[in-house]
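This structure is a prediction, so every number in the text was calculated from the model and none was measured. By convention in this document, chain letters (A, B, ...) are assigned in the order of the sequence lines, proteins followed by strands, and residues within each chain are numbered from 1.
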There are 2 protein chains.
Amino acid sequence: MPSSTVENYLKRIYLEEQAAPGAAVVSMKNLAGVMGVTPGTATSMAKSLADSRFVAYEPYGGVKLTARGRTLALRILRRHRLIECFLVDALGLDWSEVHEEAESLEHAISDKLLDRIDEFLGFPSVDPHGDPIPNAKGAIRQAALTPLTEAEEGAEVRVARILDQDEDFLRFVDRHHLRPGTRARVLVNDRAAEALTIQTGKLPAVTMGRTAAAKIMVEGPRP
Amino acid sequence: MPSSTVENYLKRIYLEEQAAPGAAVVSMKNLAGVMGVTPGTATSMAKSLADSRFVAYEPYGGVKLTARGRTLALRILRRHRLIECFLVDALGLDWSEVHEEAESLEHAISDKLLDRIDEFLGFPSVDPHGDPIPNAKGAIRQAALTPLTEAEEGAEVRVARILDQDEDFLRFVDRHHLRPGTRARVLVNDRAAEALTIQTGKLPAVTMGRTAAAKIMVEGPRP
DNA sequence: ATACTCTTTTTGACTAATCAAAAACCACCT
DNA sequence: AGGTGGTTTTTGATTAGTCAAAAAGAGTAT
């Protein structure tokens, strides 16, 4: 039974691999950064993950999940995201605050309880942030989405996923009614100014910078 | 922030103190036994709990919770029991299987979420086994109960609490409809034979031994 | 009080996870 | 080739929690 530390490393490695689909491996510096540990710790953990065959690791070559490691990472991610759904749907917690809570519960919940929750929720396919939930077999299916920065001016889009779990950012998104599921119109997308203006229904339009817009994934004008 | 290991020790010490109200302290042998560790480990943990002022400890003198230690123990117990309620009431898990699950979730849940659950459940005062739930301030209130072994023959009793969390025993109780809340009549209480026969409604009567009956707490014929 | 038994403590060792700081290595740029 | 800057690895230490086995202490029976 892998410790929750190991589970966290694998989850982060998976997320880093997803975040930078170009890079084949995750560097020690990167890993140490996202895990909040020193590079030396990342190295020794990389070795021990490799010993357990969760990652491929070559000295100076970074880490890369093996099939076995990815399976476990997806299992944790599934737990995390189902728990988020549950906290929001069943207990009415705010979607901006469930991430932290799920972060600890994901290591403590049994498979049995998780399945019960999955059933209770009606087998959801995405969590409250729009992140896809791996199924019990570890398969993950996500519709092709584009960052808001790519949207044409005048386009009608549907917010599908928010890529940042930071509470402040989520509250900003919430305040302007840009939660996943919302339809909105892109009024301005000024690439030179790196600013974008978007409007939901009859609400006042919001203008945000490029980096903020890049964290909001949308479905195009029509598929 | 105490580790979950420390939380578990304090919880067990509290429960042992309750289980043997006569003994003023919990011995190392006892503690090692219930925690499933060697006596040496119990000793070194006792010292470290004493350093943190959770228990009073004198060499060869056993441990005894301080006010501080009891407060923390009751906090864990509150978590444990509210979680059990929640799993049964909100997710329909069987009361015989929630103990183990709560055992790990109790260390992972935040105070905020726990309060939300408490509210969701309508501030229950006992868990599915009839164990009293400490309130947010750590106060615990339990009606005076008597073990079934003390019941008079012919008495009508109300099952109030089951003192054993073992899955098999709980399933036995369940099978014979002796869950907390049930009214039943004591048909035979033969102290010499150490056997007791009890009947719920029109169901077939059940006969059990003294030790089993001692784990079932009831409210008297009338208060 | 003496011996015997049971409990408790001590000692030494081990694993997992971490840090700080030194050393080694890699890649790139003249 | 040689140096330089940044990354990675190594080394040595630390903390929490554990065990096995030896040593010490307490209590009881004769």
Exercise. Within 45° of the axis and under 6.0 Å from the centre of the six-membered ring of F54(B), does NZ or CZ of R68(B) qualify?
Worked result: yes
For this session: May I ask you to establish whether K64(B) and Y57(B) are in a cation-pi arrangement, using a distance under 6.0 Å from NZ or CZ to the six-membered ring centre and at most 45° from the ring axis?
Result: no
At less than 4.0 Å, is any side-chain N or O atom of [X] found next to OP1 or OP2 of [N]? Yes or no.
X: T5(B); N: dG17(D); answer: yes
X: T38(B); N: dC19(D); answer: yes
X: Y57(B); N: dT9(C); answer: yes
X: Y9(A); N: dT18(C); answer: yes

Exercise. Which one of Q142(A), R141(A), R78(A) satisfies the side-chain contact (heavy atoms from CB on, under 4.5 Å) criterion with P132(A)?
Worked result: Q142(A)
Applying a 4.0 Å non-hydrogen cut-off, can you work out what [X] is touching in the nucleic acid: base, sugar-phosphate, or nothing?
X: S3(A); result: sugar-phosphate
X: S27(B); result: sugar-phosphate
X: T41(B); result: base

Nearest-angstrom distance from the residue atom [atom1] of [X] to [atom2] of [N]:
X: L49(B); N: dA16(D); atom1: CG; atom2: C1'; answer: 12 Å
X: M35(B); N: dC19(D); atom1: CE; atom2: P; answer: 10 Å
X: N8(A); N: dT18(C); atom1: CG; atom2: P; answer: 9 Å
X: M28(A); N: dC25(C); atom1: CE; atom2: C1'; answer: 15 Å
X: K47(B); N: dA16(D); atom1: NZ; atom2: C1'; answer: 15 Å
X: E7(A); N: dA16(C); atom1: CD; atom2: C1'; answer: 15 Å
X: Y60(B); N: dT7(C); atom1: OH; atom2: C1'; answer: 8 Å
X: F54(A); N: dA16(C); atom1: CZ; atom2: P; answer: 13 Å

Exercise. Taking for each residue the nucleotide of DNA chain C bearing the nearest heavy atom, is the 5' side occupied by G40(B) or by M45(A)?
Worked result: G40(B)
For this session: Would you please say whether a donor-acceptor pair under 3.5 Å links the side chains of H129(B) and H99(B)?
Result: no
Exercise. Between atom CD1 of I162(B) and atom CH2 of W95(B), what is the distance when rounded to the nearest 0.5 Å?
Worked result: 5.0 Å
